Protein chains: 2
Amino acid sequence: MEPALELARLRRACTHCTMHTLCLPAGSDALSLRPQDSLIRSDRTLGRGERLFRAGQVLDAVYLVRDGALKTITLAKDGEEQVLGFHLPGEMVGLGALATGRHRSEAVSLTATRVCEVPFAELGQLAARSPSLQAQLLRVMGQGVARDQDHVEMLIRRQAAERIALFVHGLQERYRLGGRSASELVLPMSREEIGRFLGLALETVSRGFSRLQEDGVIAVSGRRVEILDAAALGRLVQ
Amino acid sequence: MEPALELARLRRACTHCTMHTLCLPAGSDALSLRPQDSLIRSDRTLGRGERLFRAGQVLDAVYLVRDGALKTITLAKDGEEQVLGFHLPGEMVGLGALATGRHRSEAVSLTATRVCEVPFAELGQLAARSPSLQAQLLRVMGQGVARDQDHVEMLIRRQAAERIALFVHGLQERYRLGGRSASELVLPMSREEIGRFLGLALETVSRGFSRLQEDGVIAVSGRRVEILDAAALGRLVQ
DNA sequence: CGGCGCATTGAATAACTTCAAGGCTGGTGG
DNA sequence: CCACCAGCCTTGAAGTTATTCAATGCGCCG
């Protein structure tokens with residue numbers, strides 16, 4: 001990758017990062033944070049299919065996706081994979097472990113992915129010293145809760161077409177919040193993974209995309225999805 | 001209700017309440033909390049069908065269910081109700097609003113219900129002064145996230161029978177954690193509400209219960225559900 | 001260029017929803 | 001006290017939707 005492009009990507013990722021004050025302290029009470037309070041332990045790079053954490057593992061850090069994408073999954077009794085969530089740049093991973101201190105799910109990289117690692121033990125101490133950081137932490141956790149609720153709202157819809165429209169719409173929204181082009185998406189996940197996220201067979205997902213294409217809402221070519229009629233998509237989910 | 005029974009119920013509710021140190025400060029750093037730090041503003045009593053908060057309303061407090069039961073719902077475009085969660089004694093309500101500061105859903109009482117109201121603004125300040133309180137707060141929030149994830153895991157299952165078995169099993173578990181009899185449940189919600197929680201038609205829910213009864217797993221009589229074979233139920237969900 | 005993984009599409013089957021009727025229960029008023 | 005009413009639950013039958021099984025197509029990488 002070219003250095004200039006790389007730098008631009010980094011800047012973009014950090015600007016939109018929900019926790020960027022953690023690595024670059026700022027805000028009204030920035031003075032209460034010392035320079036060495038920067039929380040980011042290190043960056044980790046994961047290859048496709050690599051695991052960030054596994055189920056049962058002790059929670060020692062939460063993670064922020066800088067670049068790439070992750071999925072969090074659980075394995076049902078029959079070994080079938082259930083996808084609990086997809087995590088895009090700027091989003092947080094690992095909050096599901098807060099209740100017990102151990103991860104309930106595992107996080108798997110979908111593409112080449114870089115994450116910022118935030119040691120969990122220090123996070124609480126630091127939050128206590130910085131009201132704005134604490135508020136921000138609560139807000140980020142709240143966003144995770146809100147995404148879970150969006151997921152639930154998708155799944156409760158009984159028609160496959162509605163779930164799929166909600167999925168595409170939600171992705172578009174998150175890409176937009178992440179500062180990326182919103183009209184053309186390149187999905188980091190397969191049809192099968194979408195199906196395991198939406199509670200549908202992969203064929204049903206494929207047919208759903210085809211149907212949206214027939215209706216002129218999107219243009220699909222494998223994992224490349226172009227939003228042709230955002231208004232129509234909005235109407236489908238509203 | 002007789003006074004003795006009432007007192008016993010209160011004691012039980014508070015003992016198992018996830019946040020009972022808030023109203024009766026205790027723990028290793030209890031001394032850092034002053035008596036007037038008790039957070040509970042007041043108790044509120046709701047009749048069946050009454051609303052605790054509505055969508056769009058500013059988050060000014062979170063609530064702990066002391067007695068009774070609540071549901072949180074959203075309304076789809078067609079006015080159809082979706083049930084996001086049921087909230088039993090000892091559980092917290094209102095966390096979905098953390099991201100934006102406004103409630104995304106509304107909370108409706110299913111029976112006569114009493115809740116403890118925890119002013120949100122003071123909660124953060126107090127948590128900063130008490131590490132153990134902060135840890136507890138995070139844990140309770142984590143429990144909310146975990147319940148949402150359980151909900152998602154139910155909904156992803158494509159077979160109605162599996163979802164229903166998971167629902168009954170999960171309820172039993174929560175009754176048990178709340179210190180109540182685990183073998184006989186009296187459901188506070190209707191078949192229709194269960195359906196809107198599980199993404200199923202109410203008739204499908206009814207048939208699912210009947211099927212579990214035929215198989216000797218439970219005995220059903222309207223809203224009274226007796227767990228006859230807990231091992232079999234565990235096998236169905238495991 | 002060939003192979004492999006992933007996506008699409010078709011046809012048959014299974015599952016769930018919808019429509020409809022009947023039954024149970026708890027509350028209310030005669 | 002009993003009958004009736006309303007709401008909720010159950011059960012049956014028909015219709016719809018999604019899954020499963022199967023075959024084909026497409027693109028990417030070695």
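Order of the sequence lines fixes the chain letters, A, B, ..., with proteins taken first and strands second; residue numbering starts at 1 for each chain. Computed from a predicted structure; not experimentally measured.
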Next item on the list: Could you tell me whether the side chain of B/Arg207 has a donor or acceptor atom within less than 3.5 Å of a complementary atom in the base of C/dT18?
Entry: yes
Notebook entry, point to check: If you measure only the distance, is there a donor-acceptor pair under 3.5 Å linking the side chains of B/Arg102 and B/Gln57?
Noted result: no
Note to self: At 4.0 Å (heavy atoms only), tell me whether B/Gly195 reaches a base, stays on the sugar-phosphate, or touches nothing.
What the structure shows: nothing
Margin query: Students often get this wrong, so: under 4.0 angstrom with heavy atoms, is A/Leu200 touching a base, only sugar-phosphate, or nothing?
Written below: sugar-phosphate
Check: So what does B/Val205 touch, heavy atoms closer than 4.0 Å: a base, only the sugar-phosphate, or nothing?
Finding: nothing
Margin query: So, OP1 or OP2 of D/dT10: does either fall under 4.0 Å of a side-chain N or O from B/Arg191?
Written below: yes
Next item on the list: Would you check if there is a donor-acceptor pair between the side chains of B/Glu50 and B/Ser109 at a distance under 3.5 Å?
Entry: no
Check: Between CG of B/Leu166 and CD of B/Glu153, what distance do you get to the nearest 0.5 Å?
Finding: 8.0 Å
Next item on the list: Taking only the side-chain heavy atoms of A/Ala160 (C-beta and beyond), determine which of D/dA18, C/dT8, D/dT10 contains the nearest atom.
Entry: D/dA18
Notebook entry, point to check: With a 4.0 Å cut-off on heavy atoms, is A/Ser190 in touch with a base, just the backbone sugar-phosphate, or nothing at all?
Noted result: sugar-phosphate
Note to self: Mind checking if B/Glu203 touches a base, just sugar-phosphate, or nothing, with heavy atoms under 4.0 Å?
What the structure shows: base
Check: Looking at five pairs on each end of the helix from C/dC1-D/dG30 to C/dG30-D/dC1, what is the angle between the two axes, given to 10 degrees?
Finding: 30°
Next item on the list: Give a yes/no on whether any side-chain N or O of A/Ser210 is located under 4.0 angstrom from OP1 or OP2 of C/dT9.
Entry: yes
Item checked: Note, B/Thr72 side chain near B/His87 side chain (heavy atom, < 4.5 Å) -> yes
Next item on the list: Scan A/Arg157 against the nucleic acid and name what it touches under 4.0 Å (heavy atoms): base, sugar-phosphate only, or nothing.
Entry: nothing
Checklist line | Of the listed nucleotides C/dT17, C/dC16, D/dT10, the one nearest the side chain of B/Ala201 | finding: C/dT17
Notebook entry, point to check: Which comes earlier along DNA chain C counting from the 5' end, the contact point of A/Phe209 or that of A/Arg158, where each point is its nearest nucleotide?
Noted result: A/Phe209
Notebook entry, point to check: Does A/Arg223 put a side-chain nitrogen or oxygen below 4.0 Å from OP1 or OP2 of C/dC6?
Noted result: no
Next item on the list: Could you please name the option among D/dC9, C/dA7, D/dA18 that lies closest to any side-chain atom of B/Ser206?
Entry: D/dC9
